[in-house]
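Working notes, beginning with the structure itself.
Since the model is a prediction, treat every value here as computed from it, not as a measurement.
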Amino acid sequence: MAPNRLLTIAVIGLLLLNFGTLAFLFLRKGHRPPHGRGPEPKTEIARRLDLDEKQREAYEQLIRVHRDTISALEEDIHRTKKQLYAQLSGQAAGNAADSLTGRLGAVQVRIERIHFEHFRALRGVCRPEQLPAFDSLANDLERIFQPPHRRPEHR
């Protein structure tokens, strides 16, 4: 067999193998979430509560308000941390660092209260027959919102 013919067969074989691998990966992509993540929290919550269309719209509105409020507070945390770490360079007074860390704690407490009130408002969107599902969901909220790499298996 001529070397050119052998090289041509090898190149065609490798191309077919590459296309086959790409097709396999593309087809399997639809069978599992990317990077091992589960469904988006709002999707899982709406599914578990079996929200109807009107409830989903109310839930979406709650989410928009919640995200806007939390984003503003996270910006505050970012600015405060920047000020805190600026205290590391120079002869800053210890009181400033204490004040800034106290502010960070207060903002974090506020964020947790806002999260709590968000879910209390979601409970208010539920019909009476959905409340047992909501109560079950409430026990899983920490797991649902954990980053995927820290999420324990659902028990």
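- Residues Leu100 and Gln83 share a closest heavy-atom pair of CD2-OE1, 3.2 Å.
- Counting only residues at least two apart or on different chains, the salt bridge (charged side-chain N to carboxylate O under 4.0 Å, His left out) pairs with a member in residues 100-115 are Asp76-Arg103.
- At a threshold of 4.0 Å, the pair Arg143-Glu44 counts as salt-bridged, since one of the basic side-chain nitrogens sits closer than that to a carboxylate oxygen.
- Listed by chain and residue number, His115, His118 satisfy the ring-ring contact (aromatic ring centres under 6.0 Å, His included) test with His66 (two or more places apart in sequence, or in another chain).
- Under the 4.5 Å side-chain heavy-atom criterion for ILVMFWY residues, a single connected hydrophobic cluster contains both Leu137 and Phe145.
- How far OG of Ser136 is from CG of Leu131: 12.5 Å, rounded to the nearest 0.5 Å.
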After noting the C-alpha distance and the side-chain angles of Ile77 and Leu73, does the key distance pass the side-chain contact (heavy atoms from CB on, under 4.5 Å) rule?
CA-CA 6 Å; Ile77 285 176; Leu73 291 171; 5.7 Å; no
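- At least one donor-acceptor pair closer than 3.5 Å links the side chain of Ser89 to the backbone N or O of Ala86.
- Under a hydrophobic-cluster definition in which Ile, Leu, Val, Met, Phe, Trp and Tyr are linked whenever side-chain heavy atoms come within less than 4.5 Å, directly or via other members, Leu7 and Leu16 are assigned to different clusters.
- Minimum interatomic distance between Val125 and Gln55 (heavy atoms only, all atoms of both residues): O-NE2, 3.0 Å.
- Atom CD in Glu75 sits 6.0 Å away from atom NE2 in His78 (nearest 0.5 Å).
- Annotation: the span from Thr101 atom OG1 to Gln87 atom CD amounts to 10.5 Å, rounded to 0.5 Å.
- Of all heavy-atom pairs between Pro41 and Ile144, the closest is CB-CG2, 3.7 Å.
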Apply salt bridge (charged side-chain N to carboxylate O under 4.0 Å, His left out) to Arg56 and Glu53, showing your working.
CA-CA 5 Å; Arg56 285 178 189 263; Glu53 192 60 37; 5.1 Å; no
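- In this structure, Ile45 and Leu141 approach most closely via the heavy-atom pair CD1-CD2, 4.3 Å.
- Distance CG/Leu14 to CD1/Ile9: 12.0 Å, rounded to 0.5 Å.
- Among all heavy-atom pairs drawn from Leu49 and Cys126, the shortest one is CD1-SG, 4.0 Å.
- Here the CD1 atom belonging to Ile12 is positioned 13.5 Å from the CG atom belonging to Leu17, to the nearest 0.5 angstrom.
- In the hydrophobic clustering of ILVMFWY residues, with side-chain heavy atoms under 4.5 Å counting as a link, Val107 and Ile114 come out together.
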Kindly determine whether Gln108 and Ile111 satisfy side-chain contact (heavy atoms from CB on, under 4.5 Å), including the steps that lead there.
CA-CA 5 Å; Gln108 190 60 48; Ile111 286 173; 4.1 Å; yes
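- Contact annotation: the side chain of Arg79 never approaches that of Lys82 to less than 4.5 Å [non-hydrogen atoms, C-beta and beyond].
- Closest non-hydrogen pair, Arg127 versus Asp50, comes out as NH2-O, 4.2 Å.
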Could you walk me through whether Leu51 and Gln130 pass the side-chain contact (heavy atoms from CB on, under 4.5 Å) test, one step at a time?
CA-CA 9 Å; Leu51 300 178; Gln130 292 171 311; 4.1 Å; yes
